[in-house]
Amino acid sequence: MWMRNRYNSCVSCLLDLLQYSSFSVQELVLCTLMKFIQLEGKFPLENSEWRDSYRFPRELLKFVVDNLLQEEADCTLLITRFQEYLEYDDVRYYTMTVTTECVSRIQQKNKQVLPPVFQTNVFCLLSSINMPVEESTLGNFLVTKNENHEEWKPSKLKEQKRVFERVWMSFLKHQLSVSLYKKVLLILHESILPHMSKPSLMIDFLTAAYDVGGAISLLALNGLFILIHQHNLEYPDFYKKLYSLLEPSVFHVKYRARFFHLANLFLSSTHLPVYLVAAFAKRLARLALTAPPQVLLMIIPFICNLIRRHPACRVLIHRPSAGDLVTDPYIMEEQDPAKSQALESCLWELEVLQQHYHGDVVRAANVISRALSAQESDVSGLLEMSSCELFDKEMKKKFKSVPLEYEPVRGLLGLKSDITAEHFTF
């Protein structure tokens with residue numbers, strides 16, 4: 001009993017040192033406590049209640065996780081060090097269970113509101129979890145598994161997914177900061193949805209994020225794409241909302257490539273109404289008038305691909321009489337594509353771009369002056385083009401002669417025919 005008390009006192013002191021000012025001390029303490037967890041599993045402090053049962057030192061792990069998820073101190077650096085222990089299947093499983101309890105406890109303590117620093121710590125911990133894909137890969141345990149205990153939950157992929165889903169849902173049901181909202185949405189489609197038992201539970205979260213607007217709506221597209229195509233999500237106003245996201249700012253956000261990649265996927269179906277595709281093409285063409293050249297090199301082929309997929313939209317490039325910005329029947333301010341009158345207009349904006357100062361943009365816009373080929377243009381390599389890349393590309397070009405004047409010189413004083421011998425008589 002005396003030895004037990006000394007050991008408990010030692011653990012208590014180590015837990016206090018997890019908040020020490022020096023990171024090297026925190027790191028050493030964390031490694032020591034995880035070693036204690038491993039040894040407690042090998043040499044249990046208490047006898048098992050059932051023969052051949054398995055006992056993981058869950059309480060000690062709970063104390064460690066609680067100290068990592070501080071309400072006022074940023075522990076992201078120490079959590080990053082803890083990440084290597086999350087590769088153990090048993091540590092991962094029990095970390096997720098105790099994190100769910102910790103979130104619930106802090107929620108009750110703070111009247112349903114999670115402190116911002118606590119949110120950051122929880123996200124750092126959860127985003128560090130690498131979930132297994134197949135059950136056959138489950139076998140890396142910090143505490144040696146009893147061979148007779150076949151139904152142990154951490155060894156079952158179904159149970160791992162269940163607690164993974166539970167901990168994320170317990171965290172995402174709270175109001176998050178805008179920056180954290182973006183971080184969650186960035187990893188949602190790759191690191192969260194594929195490992196959930198019921199991905200459809202994320203419908204409310206994603207639709208709410210999609211309705212927020214701005215960059216958050218752009219980032220929610222990835223998750224919605226998975227739910228719509230793989231889990232039969234019905235979102236009646238999806239295309240209307242997607243249409244409203246097409247603003248001048250969309251060309252300048254850092255998620256531009258991701259947005260247009262997904263927009264290309266959503267508009268690839270040949271079963272979309274003609275008025276809808278025409279509205280997207282027309283809105284992009286109008287926005288192209290003020291877009292930078294590196295964006296135009298992607299937007300123009302994008303518009304042409306829409307017309308190739310939907311031959312009924314060819315009227316937009318074959319109607320010469322819909323004129324200019326004043327007489328154009330298209331209503332740019334209309335948020336509903338069905339009411340924008342895009343089909344009654346034409347893509348005169350592409351003709352304007354044929355007078356662009358950048359040669360590559362002119363060549364891209366000249367495509368509409370010829371018969372469109374049936375083969376779609378590959379825009380994947382143009383999605384992430386930056387102004388620096390475009391500038392470097394221009395710098396590598398070799399010119400044989402560089403024009404120095406707007407008009408070529410035709411004589412010393414004017415036309416050569418005007419220069420006669422009498423001009424040189426004395």
Determine whether M169 and M196 make a side-chain contact, defined as any pair of heavy atoms from C-beta on separated by less than 4.5 Å. yes
Mind running side chain to side chain contact (heavy atoms under 4.5 Å, CB included) on L242 and L221 for me, showing each step along the way? CA-CA 9 Å; L242 182 64; L221 277 175; 4.0 Å; yes
Spell out, as yes or no, whether a donor-acceptor pair under 3.5 Å connects the side chain of E334 to the backbone of D336. yes
Taking side chain as C-beta onward, heavy atoms only, is S155 less than 4.5 Å from F141? yes
Backbone of M131 reached by a side-chain donor or acceptor of R92 within 3.5 Å: no
Heavy-atom nearest pair, L114 first then I106, reads CD2-CG2, 4.1 Å
Provide the closest heavy-atom pair for V11 versus F36 in the form atom of the first, atom of the second, distance. CG2-CD2, 3.9 Å
Taking all non-hydrogen atoms of both residues into account, name the closest pair between C75 and Q19 and its distance. SG-OE1, 4.4 Å
H358, NE2: over 12 other non-hydrogen atoms inside 6.0 angstrom: yes
Only residue of T95, T99, L86 satisfying side-chain contact (heavy atoms from CB on, under 4.5 Å) with L126 is T99
Looking at K198, is its backbone amide N or carbonyl O close enough to the side chain of E165 to form a donor-acceptor pair, meaning the two atoms are under 3.5 Å apart? yes
Is Q355 close to V362 at the side-chain level, that is, under 4.5 Å between some pair of heavy atoms? no
So, taking the atom named CD1 in I317 and the one named SG in C346, what distance separates them when rounded to the nearest 0.5 Å? 10.5 Å
Working note: L287 + M332, criterion side chain to side chain contact (heavy atoms under 4.5 Å, CB included); need CA distance, chi angles, decisive distance, verdict. CA-CA 10 Å; L287 293 174; M332 182 68 176; 3.5 Å; yes
Under 30°, 30 to 60°, or over 60°: which ring-plane class applies to H229 and F225, parallel, tilted or perpendicular? tilted
Pairs flagged by side chain to side chain donor-acceptor pair (under 3.5 Å) wherever residues 202-216 is involved - sequence neighbours left out: D211-Y235
Is there side-chain contact between K161 and K156, with heavy atoms separated by less than 4.5 Å? no
For the residue pair N121 and Q70, confirm or rule out a side-chain donor-acceptor distance under 3.5 Å. no
Using a strict cut-off of less than 4.0 Å between a Lys/Arg side-chain nitrogen and an Asp/Glu carboxylate oxygen, indicate whether R58 and E101 qualify as a salt bridge. yes
OG of S179 to CZ of F123: how many Å apart, nearest 0.5 Å? 9.5 Å
Heavy-atom closest contact (Q294 atom, M385 atom, distance): CG-O, 3.7 Å
Short side-chain to backbone donor-acceptor contact, S127 and C124, under 3.5 Å: yes
Please report the interatomic distance NZ(K183) to CG(L188), rounded to the nearest 0.5 Å. 15.5 Å
Close side-chain approach of R309 to V277, heavy-atom, < 4.5 Å: no
Any cation-pi pair here, R256 with F251, using under 6.0 Å and within 45°? no
What I'd like to find out is whether the side chain of P293 reaches to under 4.5 Å of the side chain of Y357, using heavy atoms alone. yes
Any side-chain donor paired with an acceptor under 3.5 Å for N305 and R308? yes
Is there a side-chain contact between N264 and L383 (heavy atoms, below 4.5 Å)? no
Is there a donor-acceptor pair under 3.5 Å between the side chain of T80 and the backbone N or O of T76? yes
Between F56 and Y94, ring centroids under 6.0 Å: yes
If we ignore hydrogens and angles and just use 3.5 Å, is the side chain of H174 paired with the main-chain N or O of S170 as donor and acceptor? yes
With side chain to side chain donor-acceptor pair (under 3.5 Å) as the criterion, how do N140 and E87 come out once you've worked through the C-alpha distance, each side chain's angles and the decisive distance to 0.1 Å? CA-CA 8 Å; N140 183 25; E87 297 299 321; over 6 Å; no
Quick one: do K109 and E71 satisfy salt bridge (charged side-chain N to carboxylate O under 4.0 Å, His left out)? Show the steps, please. CA-CA 11 Å; K109 176 183 175 183; E71 296 183 54; 2.8 Å; yes
Which heavy atom in A288 sits nearest to a heavy atom in L296, and how many Å separate them? O-CD2, 3.1 Å
Starting at NZ of K35, measure out to SG of C31 and round the result to the nearest 0.5 Å. 11.0 Å
Atom CG of L276 and atom OG of S340: how far apart are they, to the nearest 0.5 Å? 9.0 Å
Could you go through the side chain to side chain contact (heavy atoms under 4.5 Å, CB included) check for T100 and T97 one step at a time? CA-CA 5 Å; T100 304; T97 58; 5.8 Å; no
Is the backbone of H271 close enough, under 3.5 Å, to the side chain of S269 for a donor and an acceptor to pair up by distance? yes
What orientation do F260 and F302 show, parallel under 30°, tilted 30 to 60°, or perpendicular over 60°? perpendicular
In terms of heavy-atom contacts, V91 and L61 come closest through O-CD2, 4.1 Å
I'd like to know if the side chain of Q119 and the backbone of Q175 have a donor-acceptor N/O pair within less than 3.5 Å. yes
State whether a side-chain donor-acceptor pair under 3.5 Å links S345 with K282. yes
Does L262 reach the side chain of L265, with side-chain heavy atoms less than 4.5 Å apart? yes
Can you tell me how far apart CG (L17) and CG (L28) are? Round to the nearest 0.5 Å. 9.5 Å
Please lay out, stage by stage, how S217 and K241 fare under the test side chain to side chain contact (heavy atoms under 4.5 Å, CB included). CA-CA 9 Å; S217 293; K241 182 65 179 178; 4.0 Å; yes
Is D90 reaching over with its side chain to a backbone N or O of V143, donor-acceptor style, under 3.5 angstrom? yes
Kindly determine whether K396 and D392 satisfy salt bridge (charged side-chain N to carboxylate O under 4.0 Å, His left out), including the steps that lead there. CA-CA 6 Å; K396 292 178 181 178; D392 292 340; over 6 Å; no
Keeping the roles fixed (side chain from Y239, backbone from P337), state whether a donor-acceptor pair exists under 3.5 Å. no
Is it the case that atom OH in Y20 sees more than 12 heavy atoms from other parts of the structure closer than 6.0 Å? no
R166 atom CZ, over 12 foreign heavy atoms within 6.0 Å: no
Salt bridge K62-E59, side-chain N to carboxylate O under 4.0 Å: no
Apply the ring pair (Phe, Tyr, Trp, His ring centres under 6.0 Å) test between F205 and each candidate in F171, Y181, W168; give the one that qualifies. Y181
Do Q354 and S369 have a side chain donor and acceptor closer than 3.5 Å? yes
